[in-house]
Amino acid sequence: MRAALREIHTDVLILGSGGAGLFAALHAHQTAPELSITVAVKGLLGKCGCTRMVQGGYNVALAPGDSVERHFMDTIEGGKWLPDQELAWKLVTLAVERIRELENELGCFFDRNADGTIHQKAFAGQTFDRTVHKGDLTGIEIINRLAEQVWARRVARLEEHRAVELVKTRSGDALAGVLMIDMRSGEYLLVRAKAVLLATGGGPTMYRYHTPSGDKSCDGLAMALRAGLALRDMEMVQFHPTGLLAGPHTRMTGTVLEEGLRGAGGYLLNGARERFMQSYDAKGERATRDIVSRAMYAEMRAGRVTPNGGLYIAMAHLGAERVRRDFKGMVERCADCGFDLAGGLVEVVPTAHYMMGGVEFGADCTTALPGLFVAGEDSGGVHGANRLGGNGVANSTVYGGVAGDAMAAWVRSEGALRTPDPASLEAAIARCEQPFARRSERHGALEDLRETLSGVMWDRVGIIRDAAGLAQAAQTLAALDAALDGCALADRNRAFNLSWHDWMNMKSLTQVSRVIAAAAGAREDSRGAHFREDFPEAGALERSTYTSARLRDGAIDITTKPVAFTRVRPGETLLRDAA
Ligand SMILES: Cc1cc2nc3c(=O)[nH]c(=O)nc-3n(C[C@H](O)[C@H](O)[C@H](O)COP(=O)(O)OP(=O)(O)OC[C@H]3O[C@@H](n4cnc5c(N)ncnc54)[C@H](O)[C@@H]3O)c2cc1C
């Protein structure tokens, strides 16, 4: 039986406890300590999301010889001239501040050089070694320190609480609160808030091989879409070249082996144990993720594969001792799956890793819906067509902090508790209740639908796309959405009903997959992560456009908008020595 709706109030509500959510909480508290702040999260605070999973590290221009201009140019060129330049500029400049904050105020220890300076390592696609790290498991250091600092402050926590709908006012012109489900009891909870941060971290878990944590299912993006917000760059899904491939029956398959392996000089080999990257790109294994993933996919399509259908990474030529010392975490992860990274070969496959696309937002993290802010992987526009390895956690921590400051200022100046529209609230609850309204669950139905989703996204909306495949995918995804609406759940107990949450995960993933397919169909060129076999050229950079997706009368509407070159135009550079 459905329980009654409870209601609570807070000044600031933060959805998600990754780098973006936790930094927002700390900054909001620092800026306005009198405010009540609540972090609501699908998992346990500090234990879920992808910031904790960050391996390689954090890009920031610190060392002599590097500069924020160089970091900016790498970001713009890596993003194939599609990033919003003001957002990218803020990323690279505030990263310098944020890394000091992480070290000096929050207590993170990063690896050091012998002279005491911070060690920065090479990451693909960058012209300078600027990735700050803690061994090869940097995220655990960052998220543990952040979580400790949040625990030590007056910040309320709603753990294992899932946000399911952004609830607007009756007029629809502002956000009033968020409908949540307390996953432990299955009760509905309305959290009314003056300012809300969407920081649920995107997460392309709809692909057959993927890296993000299982709690991420694009809920935030689906909620934003239903609330009428525009999502930009949704066709841009980044595949990480080296996902572990340990067979279909382990969740380790798809998890990432960090970029530093290729940065350090690791080789990729095909099933015939031959290096192949040089024949695709002069930079070989150190080319950007999109190029390497595409080359790997081409080798796989040509049938030059390993026993599990992928390729190999080899590190032994660098010296087993060195590999064990520099990549301890990776060596252990591979050993858990029966592979010897230091001395042998490890099977790998490109794996869906990161969504460059997300909610359109301003540099102060505001959105088109007053009261709603966005930061981290839920936001779009910072990275354009490709995210540089190391720019993801920089993005979430930089913009999380910005959002915290902005929400505190907003609540002080114009924040008020607004009244939610009762009809929207009821409709949102009815949407969640849908699978309980039907009888006769077919055993395994949800699993079959998941297979369909991950298969069609991998085969048709993945690394290499074309018009026919995308059109077919759009049809399959529409049918899948309808099939999900027809799903029934036999277990009607709402408390920790994982099948129910799985169904909601699938609904969010399918809705967002439909947007990815539509945006990919609309972009008739190839940029960064988006490659169209039928339109392999990049098109004129000076006339670059980005896609913007919205729901209009239930249908996905894609428009294209020109990229504003506010700081540098294609063909120009901000680097004085190169000009
Ligand atoms: C394996 C791996 C390695 C990576 N390595 C690097 C790296 O070396 N360098 C780099 O820069 N980037 C890396 N990234 C990317 C980086 O992790 C992300 O860019 C960044 O951390 C995202 O931060 P976030 O705060 O936006 O989201 P996350 O840290 O993912 O947090 C999202 C939060 O939202 C919560 N949530 C989700 N849905 C809901 C809901 N409906 N209701 C409530 N809460 C919800 C989740 O539980 C989680 O707490 C890596 C990613 C992965 C997966």
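In each ligand, atom 1 is the first atom listed, and ligand 1 is the first ligand listed.
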Practice task
Using a 4.0 Å heavy-atom cut-off, say whether T51 meets ligand 1 through its side chain, its backbone, both or neither.
Solution key: both
Problem - Side-chain donor or acceptor of H210 paired with backbone N/O of P212 under 3.5 Å - result: no
Handout entry: Cationic N near anionic O, under 4.0 Å, R184 to E160
Key = yes
Practice task
Would you please determine whether R52 falls within less than 4.0 Å of ligand 1 on a heavy-atom basis?
Solution key: no
Practice task
Please work out which of K47, K42, H353, H161 has its closest non-hydrogen atom nearest to atom 52 (C) of ligand 1.
Solution key: H353
Completion exercise
Q55 heavy atoms within 4.0 Å reach ligand 1 at atoms 5 (N), 8 (O)
Handout entry: ligand 1 atoms in contact with R162 (distance to a heavy atom under 4.0 Å)
Key = 41 (N), 42 (N)
Problem - Nearest-contact summary for atom 35 (C) of ligand 1 - protein heavy atom, Å - result: G16 CA, 3.7 Å
Practice task
Report the part of N391 (side chain from C-beta onward, or backbone N, CA, C, O) that has a heavy atom under 4.0 Å from ligand 1; answer both or neither where that applies.
Solution key: backbone
Problem - ligand 1 versus Y58: contacting region, heavy-atom distance under 4.0 Å - result: neither
Exercise for the section: Determine whether M296 and L268 make a side-chain contact, defined as any pair of heavy atoms from C-beta on separated by less than 4.5 Å. Expected result: yes
Completion exercise
Looking at G49, A375, G201, A40, the heavy atom closest to atom 48 (C) of ligand 1 belongs to G49
Exercise for the section: Spell out, as yes or no, whether a donor-acceptor pair under 3.5 Å connects the side chain of E159 to the backbone of L44. Expected result: no
Problem - Sidechain N-carboxylate O distance under 4.0 Å for D11, K194 - result: yes
Problem - For G376, the ligand 1 atoms whose distance to one of its heavy atoms is below 4.0 Å - result: 26 (O)
Practice task
Among all protein heavy atoms, pick the one closest to atom 3 (C) of ligand 1 and tell me residue, atom and distance.
Solution key: M53 O, 3.3 Å
Completion exercise
Filtering G139, S17, C218, S508 for the heavy atom nearest atom 49 (O) of ligand 1 leaves S17
Handout entry: salt_bridge(R514, D481) N-O dist < 4.0 Å
Key = yes
Practice task
Please confirm whether P212 comes under 4.0 Å of ligand 1, counting heavy atoms of the residue only.
Solution key: yes
Problem - For A20, atoms of ligand 1 separated by under 4.0 Å from a heavy atom - result: 25 (O)
Handout entry: Under 3.5 Å: N/O of G392 near N/O of ligand 1
Key = yes
Problem - Salt bridge E433-R494, side-chain N to carboxylate O under 4.0 Å - result: yes
Practice task
Consider every N or O of C50 and every N or O of ligand 1, then say whether any pair is closer than 3.5 Å.
Solution key: yes
Exercise for the section: Check whether the ring centres of Y354 and F239 lie less than 6.0 Å apart, and answer yes or no. Expected result: no
Problem - For ligand 1, the portion of K216 having any non-hydrogen atom under 4.0 Å away - result: side chain
Completion exercise
Restricting to heavy atoms, the pick from N505, V393, V132 nearest atom 11 (O) of ligand 1 would be V393
Exercise for the section: Run the numbers for me: atoms of ligand 1, each under 4.0 Å from some heavy atom of E377, listed by number. Expected result: 18 (C), 19 (O), 22 (C), 26 (O)
Problem - ligand 1-proximal atoms of V54, by part, heavy-atom distance under 4.0 Å - result: both
Problem - Electrostatic pair K121-D326, nearest N-O below 4.0 angstrom - result: no
Handout entry: NZ/NE/NH1/NH2 to OD/OE distance under 4.0 Å, E103 and R112
Key = yes
Exercise for the section: Would you mind finding which of L388, I181, V256, L45 brings a heavy atom closest to atom 1 (C) of ligand 1? Expected result: V256
Handout entry: Protein heavy atom at shortest distance from atom 9 (N) of ligand 1
Key = G57 O, 2.7 Å
Exercise for the section: Ignoring angles and geometry beyond distance, decide whether D215 reaches within less than 3.5 Å of ligand 1 through its nitrogen or oxygen atoms. Expected result: yes
Problem - Distance flag, aromatic centroids of H119 and H133, threshold under 6.0 Å - result: yes
Exercise for the section: Report yes if D219 has an N/O atom closer than 3.5 Å to an N/O atom of ligand 1; otherwise report no. Expected result: yes
Problem - Minimum non-hydrogen distance to atom 32 (C) of ligand 1, winning option of T200, N395, L44 - result: T200
Practice task
Could you tell me whether the side chain of E360 and the main chain of G380 form a donor-acceptor pair under 3.5 Å?
Solution key: no
Exercise for the section: Would you check whether M180 reaches within less than 4.0 Å of ligand 1, judged by its heavy atoms? Expected result: no
Practice task
Inspect the contact between E332 and K328 and indicate whether a charged nitrogen and a carboxylate oxygen are less than 4.0 angstrom apart.
Solution key: yes
Fill in the blank from the handout: ligand 1 atoms nearer than 4.0 angstrom to some heavy atom of A163 are 40 (C), 41 (N), 42 (N), 43 (C)
Exercise for the section: For R100, look at atom CZ and say whether over 12 heavy atoms of other residues, nucleotides or ligands are found less than 6.0 Å away. Expected result: no
Handout entry: Close approach, H133 and ligand 1, non-hydrogen under 4.0 angstrom
Key = no
Exercise for the section: Quick one: look at S396 and ligand 1, take heavy-atom pairs under 4.0 Å, and tell me if it's side chain, backbone, both or neither. Expected result: side chain
Exercise for the section: Output yes when a side-chain donor or acceptor of T131 lies under 3.5 Å from a complementary backbone atom of A122, and no otherwise. Expected result: no
Problem - ligand 1-proximal atoms of A199, by part, heavy-atom distance under 4.0 Å - result: backbone
Handout entry: For atom 19 (O) of ligand 1, closest protein heavy-atom neighbour
Key = Y354 CE1, 3.0 Å
Completion exercise
Of all protein heavy atoms, the one nearest atom 12 (N) of ligand 1 is R387 NH1, 3.3 Å
Problem - For M504, the option from L509, I181, L484, D219 that meets side-chain contact (heavy atoms from CB on, under 4.5 Å) - result: I181
Practice task
Please confirm whether Y207 and W458 have ring centers closer than 6.0 angstrom.
Solution key: no
Exercise for the section: Report the residue from F373, F23, F361 that forms a ring pair (Phe, Tyr, Trp, His ring centres under 6.0 Å) with Y399. Expected result: F361
Completion exercise
The atoms of ligand 1 lying under 4.0 Å from a heavy atom of G56, numbered in the order shown, are 8 (O)
Problem - V256 backbone acceptor or donor facing Q55 side chain under 3.5 Å - result: yes
